[in-house]
Amino acid sequence: MGLYQDNFSMLSELERLAAMVLDPVRIHEVGTDQWPLAMLACGLVTGNDPDRLQDNLRVYSVFMQKVQPATRKSALTQLSRFITQRKGEGWRAFIPYAVAETDALISSTAALQLVTLAQPSTTEKFTGLSTLVKLYRELPGANPAALSAVLGLSDMRLLPLLQSLYELPEEQFADLLAATCAPGNHLSYSWVLGALETHPAMAETATLVLERMAAAADTVMDLVLPIPTWQFAKPTPQPLHGWTRPEYLARMLPVLNKHLSAEQLARLQAAFAA
């Protein structure tokens, strides 16, 4: 809790609220108006200890019962400002918002903040994404909206970490792939093509996902993002390349021709028409 050492009264309040929500009996004494700050306190107290993830997720499930989505979204905005001001310190507090939240918009927003605000480690630049991928392996019920949000970032540097999701149990990966609804970009298309190569039996699911992606974006972009954003005075994505949908379909055909039926290819040709 060193984050609040410049404000002892706030530190005391956060410690009190964190103690309450982490106590299975006293958690129900927390008032509705106290919950946004209590969730913040819990995330900061438990976030740096991976062994306390289940405690954090348990508290978040009560948070969702007690607080409406609009207020949870506001609490996430407050958390994002807090962590940005402190240059990523406390970033693990985003985890329950990203993976346990049932509202797709909140989960997506939290996933983007987890990826773009997490402090890099000495061994991993994209610590937020590596943590998210690990959580998909450990928590089969994690919200798939988080993955779609990350794929929407269109930064190919993220692909190697995302490719490890292909190793999920087949049924779990099939559900995750089917739920993917990112806009079409160089990263999202590349990830789906890799999924098709790794799981050729999922050709119909991959076709449906590619059709959905094509409808969501006219131009296929390749970007480099400023990660973590707080390291940059003006964190603006840098475009590297752009393709029309027909141009990008031509790039994908060597893989698609190997795994899709003539009917599936015809559907994609229609979906990717200019």
Side-chain angles (χ1 to χ4, degrees), residues 98-99 104-105 107-116 126 128-133 135-137 142-168 172-200 202-227 237-260 264-265 267-274:
V99 299
L105 178 58
S107 174
S108 298
T109 303
L112 295 179
Q113 293 167 343
L114 180 64
V115 171
T116 59
F126 304 117
L129 179 57
S130 63
T131 298
L132 180 62
V133 168
L135 290 169
Y136 271 114
R137 293 196 293 266
N143 196 327
L147 172 62
S148 294
V150 174
L151 288 171
L153 291 174
S154 190
D155 188 328
M156 287 294 287
R157 296 175 299 169
L158 308 180
L159 184 59
L161 284 168
L162 292 170
Q163 287 172 326
S164 66
L165 292 171
Y166 303 155
E167 301 168 7
L168 289 172
Q172 183 185 350
F173 182 74
D175 291 342
L176 189 61
L177 177 62
T180 301
C181 56
N185 60 60
H186 193 27
L187 174 63
S188 60
Y189 285 139
S190 297
W191 186 78
V192 175
L193 286 182
L196 181 59
E197 293 264 60
T198 309
H199 300 279
M202 298 181 189
E204 177 59 22
T205 300
T207 300
L208 290 168
V209 173
L210 290 171
E211 286 179 302
R212 194 157 59 225
M213 288 178 169
D218 294 331
T219 303
V220 181
M221 295 301 302
D222 182 17
L223 307 174
V224 171
L225 298 170
I227 299 175
Q238 177 185 349
L240 297 180
H241 199 83
W243 299 267
T244 65
R245 284 183 305 199
E247 287 173 340
Y248 203 84
L249 178 62
R251 291 175 57 92
M252 296 193 293
L253 283 177
V255 174
L256 299 177
N257 284 331
K258 288 192 297 183
H259 299 293
L260 301 189
Q264 289 165 338
L265 282 170
R267 284 159 49 194
L268 289 184
Q269 287 167 346
F272 279 78

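Owing to the predicted nature of the structure, the values given are computational and were not obtained by experimental measurement.
Between Leu223 atom CG and Met156 atom CE the span is 11.5 Å, to the nearest 0.5 Å. Going from atom OG1 of Thr198 over to atom CG of Leu165 covers 11.0 Å, rounded to the nearest 0.5 Å. Taken to the nearest 0.5 Å, the CG atom of Leu196 stands 10.5 Å off from the CE atom of Met202. For the atom pair CG (Leu210) and CG (Leu249), the distance works out to 9.0 Å, reported to the nearest 0.5 Å.
Residues Pro246 and Ala273 approach most closely at CG-C, 4.3 Å, considering heavy atoms. Shown here for Gly184 and Ala217, the closest heavy-atom pair between the two residues is O-CB, 3.6 Å. Listed here is the closest heavy atom pair of Ser154 and His186: OG-N, 3.9 Å. Closest non-hydrogen pair, Ser148 versus Ala179, comes out as OG-O, 3.9 Å. For the pair Ala110 and Ala98, the tightest heavy-atom approach, listed with the atom from each and the gap, is CB-N, 3.6 Å. Considering every non-hydrogen atom in both Pro237 and Pro239, the closest pair reads O-CD, 3.4 Å.
Every residue two or more places apart in sequence or in another chain was checked for a ring pair (Phe, Tyr, Trp, His ring centres under 6.0 Å) with Phe126, and none qualifies. The side chain to side chain contact (heavy atoms under 4.5 Å, CB included) check on Val220 picks up Tyr189, Trp243, Tyr248, with sequence neighbours excluded. Judged as a side-chain hydrogen bond (donor to acceptor under 3.5 Å, both in side chains), and not counting sequence neighbours, Asn143 has no contacts. For Arg137, the salt bridge (charged side-chain N to carboxylate O under 4.0 Å, His left out) criterion is met by no residue, not counting sequence neighbours. Legend: residues meeting side-chain hydrogen bond (donor to acceptor under 3.5 Å, both in side chains) with His199, ordered by chain and number and at least two apart, are absent. Remark: Pro200 engages His259 in a side chain to side chain contact (heavy atoms under 4.5 Å, CB included) (not counting sequence neighbours). For Gln172, the side-chain hydrogen bond (donor to acceptor under 3.5 Å, both in side chains) criterion is met by no residue, not counting sequence neighbours. Under the rule for a salt bridge (charged side-chain N to carboxylate O under 4.0 Å, His left out), the partners of Glu211 that lie at least two apart in sequence or sit in another chain are Arg267. Partners of Ser107 by side-chain hydrogen bond (donor to acceptor under 3.5 Å, both in side chains), not counting sequence neighbours: none found. By the salt bridge (charged side-chain N to carboxylate O under 4.0 Å, His left out) test, Asp175 is found to be paired with no residue, residues two or more places apart in sequence or in another chain being considered.
Proximity of a side-chain donor or acceptor of Thr205 to a complementary backbone N or O of Ala178 within less than 3.5 Å is not detected. Formation of a donor-acceptor pair under 3.5 Å by the Asn185 side chain with backbone atoms of Leu153 is not found in this model. Remark: side-chain polar atoms of Ser188 are not paired, donor with acceptor, to backbone N or O of Ala182 under 3.5 angstrom. No side-chain donor-acceptor contact under 3.5 Å links Ser164 to the backbone of Pro160.
Counting heavy atoms from C-beta on, the side chains of Thr180 and Met213 come closer than 4.5 Å. Side-chain contact between Leu187 and Leu162: present, with at least one pair of heavy atoms (C-beta onward) separated by less than 4.5 Å. A 4.5 Å side-chain heavy-atom check between Leu147 and Trp191 finds at least one atom pair inside the cut-off. Put simply, the side chain of Val150 does not reach to within 4.5 Å of the side chain of Leu114, judged on heavy atoms.
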Test log, rule side chain to side chain contact (heavy atoms under 4.5 Å, CB included), inputs Leu161 and Leu132: CA-CA 10 Å; Leu161 284 168; Leu132 180 62; over 6 Å; no
Side-chain donor-acceptor contacts of residues 251-258 below 3.5 Å, not counting sequence neighbours, with atom names and distances?
from   : atom 1 : to     : atom 2 : distance (Å)
Asn257 : ND2    : Leu253 : O      : 3.2
Lys258 : NZ     : Glu197 : OE1    : 3.3

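Among pairs with a residue in residues 150-160, those fulfilling salt bridge (Lys or Arg N to Asp or Glu O under 4.0 Å) read Asp155-Arg157, at least two apart in sequence or across chains.
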